[in-house]
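Heavy-atom basis, side chains included; hydrogens, waters and symmetry copies ignored. Treat the numbers as computed from the prediction; the structure is a model and nothing was measured.
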Amino acid sequence: MKKFIKWIKSPASDFALFVILLVLLNLVASRAFVRLDLTEPKSYSLSQASSQLVKTLNEPLNVQVFFSSNLPAPYNSVEQYVKDILVEYKNAANKNFNYHVYNMDNSESQTLASGYGLHQVQIQEIANNEVGFKQAWMGVAVVYQDAIQTIDSLTSSDGFEYKLTTAISKMIATADTLALLPKDDKIKLTLYLSNELKDLRISGLDKIEKTVQSAYTSFNRRNQNRIDYEKVVPEKSRITELSEKYGAQTINWTEKNGSQGLGIIGLVLEHNEKFHLIPLSIQRSLFGYAVAGLENLEDSLSQSLQSLVSKPMEIGYVTGHQEAALDDSQTGAGLLNRLVSDLYSFKELNLAEEEIPLGLNALMINGPKTALSETELYKIDQFLMRGGNVMFFTDPYNEIAPRGYGQQPAYIPNDNGLAKLLNAYGISTGTDYILDENCYTQNQQGMGKISIYYAPVLQKKNFADHPITKNLGYVIFLQNGSIDVAEAEKNSDVKVTKLAKTSPKAWLMKDRIDLNPMAIYPPTDKSTEKEENLMILAEGKFNSAFASEPESADNAGSSTDGNLSSKTHLSKSIQKGKILVSGSSAILTPQLIDENGAEPMAMLIRNSIDYMNGNAELCTMRTKGLSFNYLSVTNPALAGLAKLFNQFGLAVIVTVIGLLVWKKRSKRRAAIHNHYNPNDTRTISE
């Protein structure tokens with residue numbers, strides 16, 4: 001033993017110890033996963049949203065990977081990326097996350113993949129200087145409880161993390177509303193009810209507490225007893241405060257002694273700073289006043305809970321005014337409908353006949369061509385006042401097709417009524433078209449490049465630093481009207497973001513509208529050119545566009561009868577909402593949106609929908625693998641010089657630098673030779 005210790009201490013053991021150290025380091029490295037991501041958008045790192053999702057799993061989730069062995073380039077890099085990113089998922093997750101990579105040379109693995117609904121994909125392979133094709137497995141299956149989601153034909157790593165995270169999120173949300181909340185989080189249900197209301201002749205008021213308690217008991221049992229319930233009899237001095245905070249219905253009446261009575265009724269579901277008002281109110285019928293909303297109270301509670309704590313899966317789509325049809329993939333919103341179907345679904349709403357459902361967090365208004373009624377506008381307004389989010393895609397003109405051959409279309413100002421809402425929120429849309437010298441160009445035979453001035457092209461510098469627009473570039477807009485947000489910016493309760501702007505070389509076409517590219521010329525007076533807003537986002541608390549509920553609306557919240565009156569009209573937002581406005585609905589059509597969602601405009605629209613539905617973390621996840629660092633040179637001569645410099649300039653520079661270094665070293669050698677041995681005629685070569 002003494003000899004071994006002596007050998008360890010002696011220089012003779014250095015080499016052996018070095019070899020042992022290398023072996024140990026390799027063993028550690030083979031089990032430790034460390035990767036530095038130096039890309040600007042962090043294309044190869046796991047997003048915070050993905051980490052948080054798998055960290056809070058309450059049930060086992062398995063990701064099963066099916067890739068054929070010995071895949072040729074570039075498909076082998078896809079397999080490696082999938083394995084690497086799953087290691088990051090595993091490192092970030094709790095014990096409920098697992099993944100397994102199957103050997104696809106095994107027939108049992110192939111049978112399992114087929115059972116999940118995965119299919120082999122045909123890929124190109126170069127072998128022995130010949131191009132051939134082979135069938136390969138390239139897919140992933142995600143298993144959670146009884147649900148299975150597949151990601152098939154993974155021929156590219158682009159967007160894989162987004163696809164996997166959204167698949168997991170959707171499965172969890174479908175299986176359990178409260179699954180993504182910490183286990184110690186509680187939901188609070190509160191019934192606000194003034195005792196004085198019991199003295200009034202209101203049908204059903206005597207049953208309200210018993211009905212709410214019964215619905216709560218069943219509702220709480222179905223949600224792991226994580227709902228706390230309380231009945232509150234508010235003091236009269238707090239009624240106005242509570243009404244303004246939650247939007248609960250207030251009731252006014254005249255007492256026998258002539259004094260004014262004031263009461264409140266409201267059922268509120270709360271989690272942290274968010275809340276949802278359950279539709280429980282007093283309404284007037286043919287037989288007098290009665291409590292409405294008790295019949296389907298448990299369903300209303302479930303819908304409200306889904307909207308409150310989980311990511312919304314349904315978006316309201318306003319119809320009835322010649323909006324783009326969701327089933328039209330040629331000229332309408334069919335491709336858009338298909339594009340978002342992996343995470344969302346559109347629910348068509350005719351607001352002239354129906355209310356906005358409880359579970360909706362967002363509305364889309366896509367290119368209405370006829371006017372919305374006061375009732376419909378009021379419903380949209382009050383939806384926003386309660387913290388809803390509204391996307392406006394509104395056109396400045398309605399295009400009327402020409403009747404005869406060779407004639408040009410006519411353009412009629414679009415009076416859809418939305419200006420009343422937007423103006424009240426400080427947003428003004430112009431009756432004009434935005435033209436930009438920095439635009440899309442087409443090559444036409446015999447005519448060269450034709451500038452399509454009403455199709456501005458936006459680079460990264462034209463976008464705000466915002467999750468919706470992060471990493472995007474080379475986005476083409478189409479037939480946009482101008483948007484002025486000067487008034488909205490004056491509102492201290494509202495944050496305005498100019499998501500997309502033209503170049504400084506933009507101008508407006510008004511009055512005489514002619515979109516024939518051959519008839520449009522940039523203005524000679526360049527002082528008329530400036531940046532114009534193409535898409536804006538306003539977030540915060542807004543003032544209502546209505547002083548009171550319109551008489552033509554369904555008077556569910558504002559009615560009078562003798563000495564009794566009720567009110568639910570909101571004159572200002574009780575929760576923060578979001579408004580997204582684009583001066584064009586053409587950007588949602590197949591002219592700019594592709595079927596696979598790979599075009600920049602398709603990603604911009606998807607990001608907008610995600611952000612408006614509370615899924616901001618998905619925006620950068622979807623686009624972080626993109627690279628849109630295009631040259632901003634617009635002069636053809638300068639562009640040609642830049643191309644030549646990239647092809648030959650760098651090589652010439654390296655060569656010149658090498659020659660200079662060689663020359664300097666030769667002079668140094670000669671100086672040393674002359675200093676120490678000037679009489680030696682021998683030459684020292686390198």
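- Across all their heavy atoms, Leu349 and Gly316 have their closest contact at CD1-CA, 3.9 Å.
- Between Tyr246 and Tyr192, the gap from one ring centroid to the other is short of 6.0 Å.
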### Task
Please lay out, stage by stage, how Asn613 and Tyr344 fare under the test side-chain hydrogen bond (donor to acceptor under 3.5 Å, both in side chains).
CA-CA 10 Å; Asn613 282 278; Tyr344 306 102; 4.7 Å; no
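- Looking only at atom types and distance, the side chain of His100 has no donor-acceptor partner in the side chain of Asn62 under 3.5 Å away.
- A donor-acceptor contact closer than 3.5 angstrom is absent between the side chains of Asn103 and Ser109.
- Counting heavy atoms from C-beta on, the side chains of Met535 and Val581 never come closer than 4.5 Å.
- Taken to the nearest 0.5 Å, the CG atom of Leu269 stands 6.0 Å off from the OG atom of Ser304.
- Counting heavy atoms from C-beta on, the side chains of Phe219 and Leu305 come closer than 4.5 Å.
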### Message
The test is side-chain contact (heavy atoms from CB on, under 4.5 Å); show your working for Phe67 and Val101 and say whether it passes.
### Response
CA-CA 8 Å; Phe67 271 81; Val101 180; 5.9 Å; no
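- Between Phe160 and Tyr81, the two ring planes are perpendicular [angle over 60°; tilted spans 30° to 60°].
- A heavy-atom distance below 4.5 Å is not found between the side chains of Met601 and Ile476.
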### Query
Does the pair Leu534 and Leu499 meet the rule for a side-chain contact (heavy atoms from CB on, under 4.5 Å), with working shown?
CA-CA 8 Å; Leu534 295 167; Leu499 292 174; over 6 Å; no
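- Although no hydrogens or angles enter the test, the distance criterion places no donor-acceptor pair under 3.5 Å between the side chain of Lys578 and the main chain of Met391.
- Checking side-chain atoms of Asn533 against main-chain N and O of Lys498 turns up no donor-acceptor pair under 3.5 Å.
- When atom types are taken as modelled, the side chain of Ser345 and the backbone of Ser341 share no donor-acceptor pair closer than 3.5 angstrom.
- With contacts defined as side-chain heavy-atom distances shorter than 4.5 Å, the pair Asn462/Thr469 does not qualify.
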### Message
Quick one, Gln149 with Val140, criterion side-chain contact (heavy atoms from CB on, under 4.5 Å). Give me CA distance, side-chain angles, the key distance, then yes/no.
### Response
CA-CA 9 Å; Gln149 289 275 343; Val140 168; over 6 Å; no
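- A donor-acceptor pair under 3.5 Å is formed between the side chain of Ser573 and the backbone N or O of Phe542.
- Using modelled atom types, no side-chain atom of Asp328 and backbone atom of Ala324 make a donor-acceptor pair closer than 3.5 Å.
- A distance-only check finds no donor-acceptor pair linking the side chain of Ser51 to the backbone of Ala92 [under 3.5 Å].
- In this structure, a donor-acceptor pair under 3.5 Å is present between the side chains of Asp84 and Gln80.
- Other residues, nucleotides and ligands contribute over 12 non-hydrogen atoms within 6.0 Å of the CG atom of Asn94.
- Side chain to side chain, Ser47 and Glu617 fail the donor-acceptor criterion of an N or O pair below 3.5 Å.
- Inspection of the Arg622 and Asn607 side chains reveals an N or O donor paired with an N or O acceptor under 3.5 Å.
- The nearest pair of heavy atoms linking Gln575 to Phe275 is NE2-O, 3.0 Å.
- Under the 4.5 Å side-chain criterion, counting only non-hydrogen atoms from C-beta, Val232 is not in contact with Leu191.
- Taking all atoms of both residues into account, the shortest heavy-atom contact from Ser69 to Lys134 is O-NZ, 4.4 Å.
- If you check the side chains of Asn98 and Lys90, you find a donor sitting under 3.5 Å from an acceptor.
- At distances below 3.5 Å, not a single donor-acceptor pair connects side-chain atoms of Asp152 with backbone N or O atoms of Gly139.
- In this structure, CG in Asp610 is found 9.5 Å from CE in Met621, a value given to the nearest 0.5 Å.
- The local environment of CD in Gln135 is crowded, with over 12 non-hydrogen atoms from other residues, nucleotides or ligands closer than 6.0 Å.
- If you take CG on Leu301 and CD1 on Ile187, they are separated by 12.0 Å, rounding to the nearest 0.5 Å.
- When side chains are defined from C-beta on, Leu458 does not count as touching Tyr474, because their heavy atoms never get closer than 4.5 Å.
- Screening residues 598-608 for salt bridge (Lys or Arg N to Asp or Glu O under 4.0 Å), with sequence neighbours left out, gives Asp342-Arg606.
- Across all their heavy atoms, Leu588 and Met364 have their closest contact at CD1-SD, 4.3 Å.
- Between the side chains of Tyr116 and Gln64, at least one donor-acceptor pair of N or O atoms lies under 3.5 Å.
- For the atom pair CG (Leu118) and OG (Ser153), the distance works out to 8.5 Å, reported to the nearest 0.5 Å.
- Annotation for Leu335 and Pro590: closest pair CD1-CB, 3.7 Å, computed over non-hydrogen atoms.
- Taking every heavy atom of both residues into account, Arg226 and Lys186 meet most closely at O-CD, 3.5 Å.
- Judged purely by distance below 3.5 Å, without hydrogens or angles, the side chains of Glu230 and Thr190 never pair a donor atom with an acceptor atom.
- The main-chain N or O of Trp137 is found under 3.5 Å from a side-chain atom of Ser68 such that the two form a donor-acceptor pair.
- Looking only at side-chain heavy atoms (C-beta outward), Leu61 and Val142 come within less than 4.5 Å of each other.
- Within the 3.5 Å criterion, the main-chain N or O of Asp327 finds no donor-acceptor partner in the side chain of Asn337.
- The backbone N or O of Ala586 sits less than 3.5 Å from a side-chain atom of Ser584, completing a donor-acceptor pair.
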### Task
Would you please test Tyr162 and Ser50 for side-chain hydrogen bond (donor to acceptor under 3.5 Å, both in side chains) and show each step?
CA-CA 9 Å; Tyr162 168 78; Ser50 300; over 6 Å; no
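- Side-chain contact between Ile365 and Phe393 is absent, with no heavy atoms from C-beta onward closer than 4.5 Å.
- No hydrogens or angles considered: a donor-acceptor pair under 3.5 Å links the side chains of Tyr611 and Glu539.
- Of the charged side-chain nitrogens involved, none lies within less than 4.0 Å of a carboxylate oxygen, so that Lys576 and Asp493 do not count as a salt-bridged pair.
- The number of heavy atoms from other shown groups lying within 6.0 Å of CD (Glu273) does not exceed 12.
- Salt bridge present: Lys83 and Glu79 bring a charged side-chain N and a carboxylate O closer than 4.0 Å.
- With 3.5 Å as the limit, one finds no donor-acceptor pair spanning the side chains of Tyr144 and Glu59.
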#### Entry: Stepwise side-chain contact (heavy atoms from CB on, under 4.5 Å) check, Val212 with Leu280
CA-CA 10 Å; Val212 170; Leu280 188 65; 4.3 Å; yes
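- Here the CD1 atom belonging to Ile356 is positioned 11.5 Å from the CG atom belonging to Asn361, to the nearest 0.5 angstrom.
- Within 6.0 Å of CG on Asn106 lie more than 12 heavy atoms contributed by other residues, nucleotides or ligands.
- Taking OH of Tyr216 as the reference point, atom CG of Leu297 lies at 13.0 Å (rounded to 0.5 Å).
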